[in-house]
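The figures that follow rest on heavy atoms only: side chains count, while hydrogens, waters and symmetry mates do not. Lettering of chains follows the sequences in order, A, B, ..., and the numbering in each one begins at 1.
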Protein chains: 2
Amino acid sequence: MTTMVDVAKLANVSNATVSRVFSNPDAVSKDTKEKVLKAAEELNYELNVLARNLRRMKTEVIMVILPDISNSFFSKIVRGIESVAMKNNYKVLLGDTKNDLDLEKEYLKNLDQKYADGVISLTARIDAELIKEISDKFNMVLACEYIDEESIPTVSINNVEGAYKATEHLINLGHEKIVHISGPEDVILSQDRIKGYKNALNEYNLSVDADLIIEGDFSYKSGYNIMSKLIKFNKTPTAVFADSDQMAIGAIKAIKEHGLKVPEDIAVVGFDNIEIASIYEPSLTTISQPMYKIGVKAMQLLLDLMGNKKIENNKIQLESKLIIRDSCGYKSR
Amino acid sequence: MTTMVDVAKLANVSNATVSRVFSNPDAVSKDTKEKVLKAAEELNYELNVLARNLRRMKTEVIMVILPDISNSFFSKIVRGIESVAMKNNYKVLLGDTKNDLDLEKEYLKNLDQKYADGVISLTARIDAELIKEISDKFNMVLACEYIDEESIPTVSINNVEGAYKATEHLINLGHEKIVHISGPEDVILSQDRIKGYKNALNEYNLSVDADLIIEGDFSYKSGYNIMSKLIKFNKTPTAVFADSDQMAIGAIKAIKEHGLKVPEDIAVVGFDNIEIASIYEPSLTTISQPMYKIGVKAMQLLLDLMGNKKIENNKIQLESKLIIRDSCGYKSR
DNA sequence: CTGTTAGCGCATTCAG
DNA sequence: CTGAATGCGCTAACAG
């Protein structure tokens, strides 16, 4: 293995100079720089990141913790994160929790070992205390999911508003019995969406029926199961608002299997606008989240945090949008 | 920051002993171990991975290079990799090339900097020379995609066989004019599948028409475009075999838009068996690849490689399977 | 602009 | 089983 010392010898300069050429080239004269670069080239020298990391006490690595990398909602966000990270010379370490709270905790706790300079978590289901504690001593930003804590930088959409828009859309289409298949209740985002759903009903003078709010887990399967049960027990609504496109599609599948039609018999709205939403048939009316942009913003926030920049606004809310497709039908005039 | 020295002082032992407690605990007596652990606990000591890495000249990190993390085919593989990596105390660094060859090259070349102990590449589109060169001096395994090179450990399915099965299925259903929407030609896997496709036709005494083999890029959109053109120019086949589920679904979308039906007018077979294949309507007949398992095997191979174990078989082929669903119809009897 | 020097925190010889 | 000593390869004062 060739080191800086070797290069320094060959180039007839000190190792400090070689170091400068690679970490602060502007501080070296053009001539010496060339000399050094030539020597490095000749020796096939490559900077040893390990040594640099120890010396600088940083890794140029950030970690992303998420519930499931094979879920396209999250992987799209990761893409946004990665693209910004790369431009800023950061590498991205993956922490897939497989929806396991213990794993989530483990990933977060191990951060002390300094294998990453910062973390972006797309899940925040372990106790808020612990999350707060970690964010106090470590550069951390939350994205998508969040907790009720002033101090932690967070990127998300306004979920109350998003759910409001979805519900309102169904109301405007003439629906009064609207089932809301929600996300897990221990996630604040689900609570916010329930709020938005209720707000819309209230606004339009429709009664809120607690039985119509049913807890799912975002998965295709839970949407399917919940809808199947509703139909089986003769509680078929005229409309469904699901907290994820996957649950919405699961619900549609169940509806179809029972010989009913979407949107003619039951209208369905999803959430997220993942790729399949536009491809599925019927194409899915949904609330779109700017996944890629969430990733980008989260990484930028983390970059600021790690650079000790002042963060003027640590709660970034991005726009969600109602995307109207075929799964709800259209207003008759 | 508390270091080993601090712990050593508090525990009244040498720092070497503290080090042993964390890296080779069996070499320390039970009593001292307890003493050290207690002191560490008291000081909230956390091992500094940076320093360990430099000293050991390894990172306990592996890198995964892939064309697109938001493509569920790849992210499923990553999940397999990650789960094995984690069990073995390796962390996973992500290298998303965005299908950009320059990025692929850059990721691969930078590996010299020692920020990872090994690499699994799910893409191998840059020149084979360079890949070979890198694999010579670095622990590397290829998965899914591969190159024609004896020495590089590779995990994949038998693509010739997979394509054969898909084509044979269509032939058995009575089709004679079968379009093959292939992957990019510079990828060996595409060439292998073309081989399989041709083999099947030959086997059943059907003529091979080069015009029926059309190059796509695995994307939904390319399937859509290719199929649209075929129909528009009156070259509508009775069956399509696409090299990815995404292209298959794109093709189906195009078929439907032209007022034709799947499978009644045109039968379609995909490849991969990604999640949407079973959810889409019509559900997709396809060749399934064991994505998760590919990841697992690839990581195990890399582990062997990094541990300098002898690798008896460096070309692992996993089983692909024909999954029959609705997109081809069923044999009439 | 360049060189000298010190040491980041740990793992590993080698003695004992 | 434990301790003393060394240095991994690099960066960052500091001085010139």
Side-chain angles (χ1 to χ4, degrees), chain A residues 1-40 43-61 89 110-117 306 308, chain B residues 1-40 43-61 89 110-117 306-307:
Chain A
M1 158 177 281
T2 71
T3 74
M4 279 190 174
V5 185
D6 304 319
V7 178
K9 270 183 202 147
L10 184 60
N12 254 315
V13 295
S14 75
N15 53 333
T17 298
V18 179
S19 172
R20 285 190 198 101
V21 169
F22 290 102
S23 54
N24 185 16
D26 293 341
V28 183
S29 80
K30 202 171 155 234
D31 284 0
T32 13
K33 204 175 343 189
E34 270 172 15
K35 241 188 343 190
V36 169
L37 254 16
K38 192 165 146 264
L43 295 175
N44 249 314
Y45 169 75
E46 289 285 343
L47 180 69
N48 186 322
V49 176
L50 260 35
R52 162 183 282 186
N53 286 348
L54 174 59
R55 190 50 235 250
R56 300 222 254 218
M57 227 28 122
K58 44 182 288 196
T59 60
E60 307 206 297
V61 165
N89 270 311
N110 287 342
L111 251 22
D112 288 338
Q113 298 178 356
K114 308 221 174 309
Y115 57 73
D117 298 339
M306 294 188 303
N308 296 317
Chain B
M1 156 175 283
T2 72
T3 73
M4 279 191 175
V5 185
D6 303 319
V7 179
K9 270 183 201 148
L10 184 61
N12 255 315
V13 296
S14 74
N15 53 334
T17 298
V18 179
S19 172
R20 286 192 195 98
V21 169
F22 290 102
S23 55
N24 186 17
D26 292 341
V28 183
S29 80
K30 204 174 152 226
D31 284 359
T32 16
K33 205 178 337 192
E34 269 172 17
K35 240 186 350 187
V36 169
L37 254 16
K38 194 165 145 262
L43 294 174
N44 249 316
Y45 169 75
E46 289 285 343
L47 181 69
N48 186 321
V49 176
L50 260 34
R52 163 181 282 188
N53 286 349
L54 174 59
R55 189 52 236 249
R56 300 224 255 220
M57 230 22 127
K58 44 182 289 199
T59 60
E60 306 205 299
V61 165
N89 270 311
N110 287 343
L111 252 22
D112 288 338
Q113 299 178 354
K114 309 219 175 308
Y115 58 72
D117 298 340
M306 295 188 302

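The salt bridge (charged side-chain N to carboxylate O under 4.0 Å, His left out) test applied to A:Asp6 returns no partner, not counting sequence neighbours. When the side-chain contact (heavy atoms from CB on, under 4.5 Å) test is applied to A:Lys35, the partners found at least two apart in sequence or on another chain are A:Val13, A:Thr32. Judged as a side-chain hydrogen bond (donor to acceptor under 3.5 Å, both in side chains), and not counting sequence neighbours, B:Thr2 has no contacts. Partners of A:Tyr115 by ring pair (Phe, Tyr, Trp, His ring centres under 6.0 Å), not counting sequence neighbours: none found.
Here D:dA4 presents its C1' atom at 16 Å from CE of B:Met4, a figure rounded to the nearest Å. Atom-to-atom, CG of B:Asn15 to C1' of D:dT6 comes out at 11 Å; the value is rounded to the nearest Å. Across the protein-nucleic acid pair, A:Asn53 atom CG and D:dC8 atom P stand 18 Å apart, rounded to whole Å. Distance CG (A:Asp6) to C1' (D:dC10): 13 Å, rounded to an integer number of Å.
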Distance-only check: which donor-acceptor pairs under 3.5 Å involve side-chain atoms of residues 43-58 of chain A, not counting sequence neighbours?
from, atom 1, to, atom 2, distance (Å)
A:Asn48, OD1, A:Leu50, N, 2.8
A:Asn48, OD1, A:Ala51, N, 3.2
A:Asn53, ND2, A:Val49, O, 3.3

Under 3.5 Å, sequence neighbours excluded: what are the donor-acceptor pairs made by side chains of residues 20-27 of chain A?
from, atom 1, to, atom 2, distance (Å)
A:Ser23, OG, A:Ser19, O, 2.9

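In 5' to 3' order, the nucleotides of DNA chain C bounding all contacts with chain A (an atom under 4.0 Å from a heavy atom) are C:dC1 to C:dG9.
Summarising the geometry of B:Thr59 relative to B:Ala116, their closest heavy-atom pair is OG1-CA, 3.4 Å, with the distance given to 0.1 Å. Heavy atoms only, all atoms of each residue included: A:Ala11 and A:Val36 are closest at CB-CA, 4.1 Å.
Two end axes, each from the C1' atoms of five base pairs, can be drawn for the helix from C:dC1-D:dG16 to C:dG16-D:dC1; they diverge by 20°, to 10 degrees.
Heavy atoms of B:Val13 sit under 4.0 angstrom from primed sugar atoms or phosphate atoms, though from no base atom. Counting non-hydrogen atoms under 4.0 angstrom, B:Ser19 reaches a base of the nucleic acid.
Within the structure, a side-chain polar atom (N or O) of B:Ser14 is placed less than 4.0 Å from OP1 or OP2 of D:dG3.
Within residues 25-33 of chain B, the residues having any heavy atom under 4.0 Å from DNA chain D are, by residue number, B:Ala27, B:Val28, B:Ser29, B:Thr32. Of the residues in residues 54-61 of chain B, those lying under 4.0 Å from DNA chain D by heavy-atom distance are B:Leu54, B:Arg55, B:Met57.
Distance check, rounded to the nearest 0.5 Å: CG of B:Asp112 to CG of B:Asn110 gives 8.0 Å. The structure places CE of B:Met1 at 3.5 Å from NZ of A:Lys114, a figure rounded to the nearest 0.5 Å.
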Got a list of protein N/O to nucleotides 14-16 of chain D N/O distances below 3.5 Å?
none

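Every pair tested for ring-ring contact (aromatic ring centres under 6.0 Å, His included) that includes a residue from residues 2-21 of chain A fails, sequence neighbours excluded, so the list is empty.
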